[in-house]
Structure formats: C-alpha cells, structure tokens
Amino acid sequence: MEGEQQRALRPEEAATHITVSDPVHCSEGMNKYTSYRVDVRVPPAGSGTRMDESGMLAHLRQQTVVPSAVLRRYSDFLWLYERMHRERAGAVVPPLPEKQAVARFSATFVEDRRIHLEQFLRRVAVHPELHDCPALDLFLRAEDAAFLIAKQSNINSTGSAAYTFSPDPNSYAIHAPPKKDGIKKWFSEAKTSIAGDLVRSPDDDLFEEIERYVHNLDMQMKGVSQQASSLVRKGKEIANGLFEFGLAFNLLGQSESDGLGQALGKMGEAADRLSVLSAEHAEGEMARFEEPLRDYIKTVHAVKVALSRRHEKRVSYTARLAEVDAKKANLFRLRGQPGMEAKAYAAEMSLQRHQESADVSRDEFAAVSQRVLREVDRFKTEKAHEMRTTVLDYITLQVEYNRRMEDIWTNLIPQLSLDLDGTPKNTTYNTNVTVTDNFVTTSSNASSAAAAATTLSSTMPPQPPLQPPPQPPIMGGSSGGGGWANSSGSAQPYGGSAPVAEPDVIQYRDPLPGL
C-alpha cells in the first residue's frame, strides 16, 4: 500500500487526462506505419497539485484544457521531441521509446510503444519548462492537414530559419538547412568549436562539475541496471528449475505406492506452486525494478543532451563574437583608406547587424544556462525521490515474495508428517544405539518405545552363556613349519612361535527365539 501511494506521487500521474490508445496499422503505398489516437480530456478535480517528498504542495501548471482527439504516428512524436529541443533549448526533454527495425508491428511491441508514448506526453504536459511549448499545443490540437503543413514548414514560431530533423531518434544533432547564411554560420561555429577557445562565463566551473557528476552517475547507473537485469534473468532460471524439480518429484511419486507416493506427489505440487510464484516474482522485478532503472538511465542521458545544448549556444555565441571582431578590424582598415567611405559605411552596417546577432546569442546563451541549472536541480530532486521509491518498492516485493514462499513450505510440512500407512506422526524420534553383551538395542525419547522395550525384556526367556568357538584344525606340526596353532593349542602365526591375540568373533543371536 505504501509503495502504491509513493508511485502515485510521480509527476506524470497528474496528467492522466492525456491518453494514447487505439493503435491502428496503416499503409501509404509501400510505406506501413502505426497510428495512435491521442485524447485530451478535462482533467479531474485536484489533479493540478501533488504532494512532494517534503510534504509541501508542488503546484503543477494550471491551464485551460480544451478536449481534443487526433491521430498521430511515431514520426509525429519525434517531430515534437526535436521541436521542443529548439523552443526550449537546455530543458531536460523526456525520452522517447526507441525505434525497432524488426517485429515493429507485433502486438507486444505496439502495446509497449503505446505505453511509453503516453508516458512521454504526460511528462511533457507537467514539465515546468515544456508544458506551454507552442509545438505541444500544435501536436495535441491541430488537424491532420494543418499539422502536416507545420511539419513541412521551414519557418519556426520565432520567424528564424528552422533546422531539419535527423531521421535517427538516438541522434540528437540538428542539421542546418542548405542556405548560404546557414552554411556560413555552420562553418563559423564548426571552426570555433575545433579551435576550442570558447567564451568564458562565471558559471563554467559549476557546469564542469555538473558534467562530471552526470557522467559518473551514468556509469554507475549502467552498472546497477546490468546487475538488476542479471537478477531478473536468474529469477526466471529459478522458476524453470523449480518446474523441472516438481516434475521430477511428480514422476517419482507415480512410481511409488501408498503413503510414500502421496508424499512425493505433494512435494512435486509444492515445487510447481513455487515455480509459478518465482515466475511472477521475476516479472514483477522486471516491471517494478529493472524498467525504472532503465528509464532513469534514459533521463540521465536527457540531462546530457541538455548540457550539450548549452555547449552549442556557447559555441554559437563565441562564433558571433569572432565575427564581430573581424567586422571591426575590417571597418578600421576601410576607414583608414581614402575613397573607401561607401565600403566603410557598408562595413559599419554589417558590423551593426553582427553585433545585434552577437547580443541575441549572448542572451540565448545566458537563458539556456539558467534553464539547465533549473533543470539539473529539478532532476536531482525528482529523480532522487523516484529512486528511493523504486528501491522501497523492490524491498517490498522481496519481502512479499519470501513470505509467500515460506507459506508454501510451511504448509507442506504437515502434509508430509504421515507414516507410509497414512497414520499421523505425533512424536519426534531421537534414536540412540546401545551395544550390550548379548544384544544391539535402540532407545527413543518416546514413552511408547520405552514401554515396549521393558515388556520385551521381561518376557524373554533366559539365554545360555556364550561358548568359545571351536579351534580351527592344526595346519602344521610342532616343528613350526607353517600352522595356525601349535600342539598346546595356543595361537601362533605361520612360521613363528610368538603368540598373538585371537580375533574378536561377533556372535548373533535371535532376540526372540521361537517366534
């Protein structure tokens, strides 16, 4: 119960009014794809706030929700993902499910993608930096024709030149359009990036520390995820092993009769139940521990992408400053030459435009830097809470699994406490062995066994004393030429005269003569 309440505190749980459903396979000529229905309903009362870990109300974005229903395919979600990276550079954009080259129309894959696409939209809807993106509103409400025009347009919402999209969802590089200004800008930024002499800011040391933290976190989380996957795999192997174990005992029980066969059969049935329990436990570990860890790693990668966006803005700002310096030097040269007033005026206007561009790049760089800092703080707070919830959920899962396993074994013990004839065993025997002159007897801590032994000893008739065994025939004469016994009857080895002890002879007597 506690784990369920904590899972409900995840931010995306406040956006359950957004759903992705009804996947349908479509065809356009030779091209096949899957479309999904995206619905936006009026959110229920109280969904605009949630309680954070410290007990304070964390207010999510309150906005007027207009119900809508549209059809979108995976490439549309990819367009939204890339568009938000442009409109909110530096934001930690939630990850999209990965592409799959084979079996992408199987029911299992389609359902898994639907779940993750829905999770993506819900996370974006409650994201403090992305919830009001124009691209999100266009994605959720635009009709098919208007949305197609927006996707094909080369002009973004700010009126500046747009970027083309990379077809690979795992490649977050945004390529410039083939325009003259865009190519010159791209070469200028590439030259600046290769040179490595970037503009410095007061927060550079802090960002370097953040980059080291995120890199180490990524490496450590990958190690944890690999161990979690190994545990899930071993859990499935245990489930299969218990199934084979139970099958073997069932077959063994069928080969026996009476109580022994029934006991072996009950052991096999218990192993079968344990096999089912272990398989369910492995599935629970995968869904409630392995998958959250993988999702956490994807979010860490999203933080890396946000940091790379700041680096891009830094490179762009450095390139603009280099252009301004080149324009200033050119203007100074032209002003020193007679008859170059017209060119000097044109150079001055060009310098003014480049200075304005440099100021815009500076403001963008500062805005992205502040956004990244806010996002890193939010990432540490929310993901630390989710990691704690995931670990507690895993512990609860293990406790419940071991409790149910203990119940199965405990219930099996009374069923096996039967004699072969089916009578219950009410006593626990601790048998001891006693060796006497005439008998080898056993004693037990059970009173019935002691009484039986007393009765038996009182009714037995007296036994005659033991007689010495007959001596073996003499194998040799008195000359000591190799016999076992000499003429006097004492035992001697072959070829010698030293006496040796006779070996102990164990006598067996029927304790109940006449029966």
Side-chain angles (χ1 to χ4, degrees), residues 230-286 394-463 466 504-515:
S230 177
L231 286 176
V232 172
R233 183 173 60 255
K234 291 179 180 178
K236 294 179 179 180
E237 293 176 356
I238 290 176
N240 294 333
L242 286 172
F243 173 78
E244 298 293 339
F245 182 76
L247 179 61
F249 263 88
N250 284 327
L251 294 177
L252 181 61
Q254 293 175 5
S255 64
E256 298 291 342
S257 60
D258 300 333
L260 178 59
Q262 296 178 4
L264 295 175
K266 292 181 183 298
M267 181 66 182
E269 293 174 1
D272 290 339
R273 292 194 296 269
L274 290 171
S275 174
V276 175
L277 176 61
S278 298
E280 294 176 352
H281 177 67
E283 294 295 330
E285 283 185 327
M286 182 175 62
Y394 177 75
I395 295 174
T396 303
L397 186 67
Q398 297 300 323
V399 171
E400 178 64 19
Y401 168 67
N402 285 277
R403 185 191 63 80
R404 294 176 62 185
M405 177 176 285
E406 181 182 1
D407 291 342
I408 293 177
W409 286 122
T410 303
N411 294 332
L412 178 63
I413 294 177
Q415 301 179 30
L416 297 182
S417 299
L418 297 175
D419 283 328
L420 296 181
D421 57 356
T423 58
K425 286 185 177 181
N426 297 324
T427 58
T428 303
Y429 292 96
N430 184 15
T431 304
N432 299 318
V433 178
T434 303
V435 180
T436 62
D437 292 339
N438 299 334
F439 302 100
V440 178
T441 61
T442 61
S443 63
S444 172
N445 59 356
S447 59
S448 58
T454 303
T455 304
L456 180 63
S457 60
S458 61
T459 57
M460 288 177 57
Q463 301 295 326
L466 294 175
D504 294 337
V505 179
I506 301 177
Q507 298 296 324
Y508 294 92
R509 176 171 296 172
D510 186 0
L512 300 178
L515 295 182

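In this text the structure is predicted, and so the values were computed from the model without any measurement.
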Minimum heavy-atom distance between [X] and [Y], given as atom pair plus value:
X: Glu285; Y: Val232; answer: CB-CG2, 3.9 Å
X: Ala279; Y: Ala239; answer: N-CB, 3.6 Å
X: Asn250; Y: Glu269; answer: OD1-N, 3.8 Å
X: Ala270; Y: Leu412; answer: CB-CD2, 3.8 Å

>> Filter on ring-ring contact (aromatic ring centres under 6.0 Å, His included), then keep only pairs touching residues 257-284, sequence neighbours left out; what's left?
In response: His281-Tyr401

Nearest 0.5 Å, please: how far is [atom2] in [Y] from [atom1] in [X]?
X: Asn402; Y: Leu397; atom1: CG; atom2: CG; answer: 9.5 Å
X: Leu277; Y: Asp272; atom1: CG; atom2: CG; answer: 12.5 Å
X: Arg233; Y: Ile238; atom1: CZ; atom2: CD1; answer: 12.0 Å

>> Less than 4.5 Å apart, side chain to side chain, heavy atoms only: is that true for Lys236 and Glu283?
In response: yes

> Is any side-chain heavy atom of Phe243 closer than 4.5 Å to a side-chain heavy atom of Leu274?
Replying inline: no

>> Run Glu256 and Gln262 through side-chain hydrogen bond (donor to acceptor under 3.5 Å, both in side chains) and show every step you take.
In response: CA-CA 8 Å; Glu256 298 291 342; Gln262 296 178 4; over 6 Å; no

> If you measure from the Lys or Arg side-chain nitrogens to the Asp or Glu carboxylate oxygens, is any gap between Arg403 and Glu406 under 4.0 Å?
Replying inline: no

>> Determine whether a donor-acceptor pair (N or O, by modelled atom type, separation under 3.5 Å) exists between the side chain of Ser278 and the backbone of Ser275.
In response: no

> Sequence neighbours excluded, which residues qualify as ring pair (Phe, Tyr, Trp, His ring centres under 6.0 Å) partners of Phe249?
Replying inline: Phe245

>> Please evaluate residues Glu280 and Arg404 with respect to the criterion salt bridge (charged side-chain N to carboxylate O under 4.0 Å, His left out), reporting the C-alpha separation (whole Å), side-chain torsions for both, the decisive distance (0.1 Å), and the verdict.
In response: CA-CA 12 Å; Glu280 294 176 352; Arg404 294 176 62 185; 3.8 Å; yes

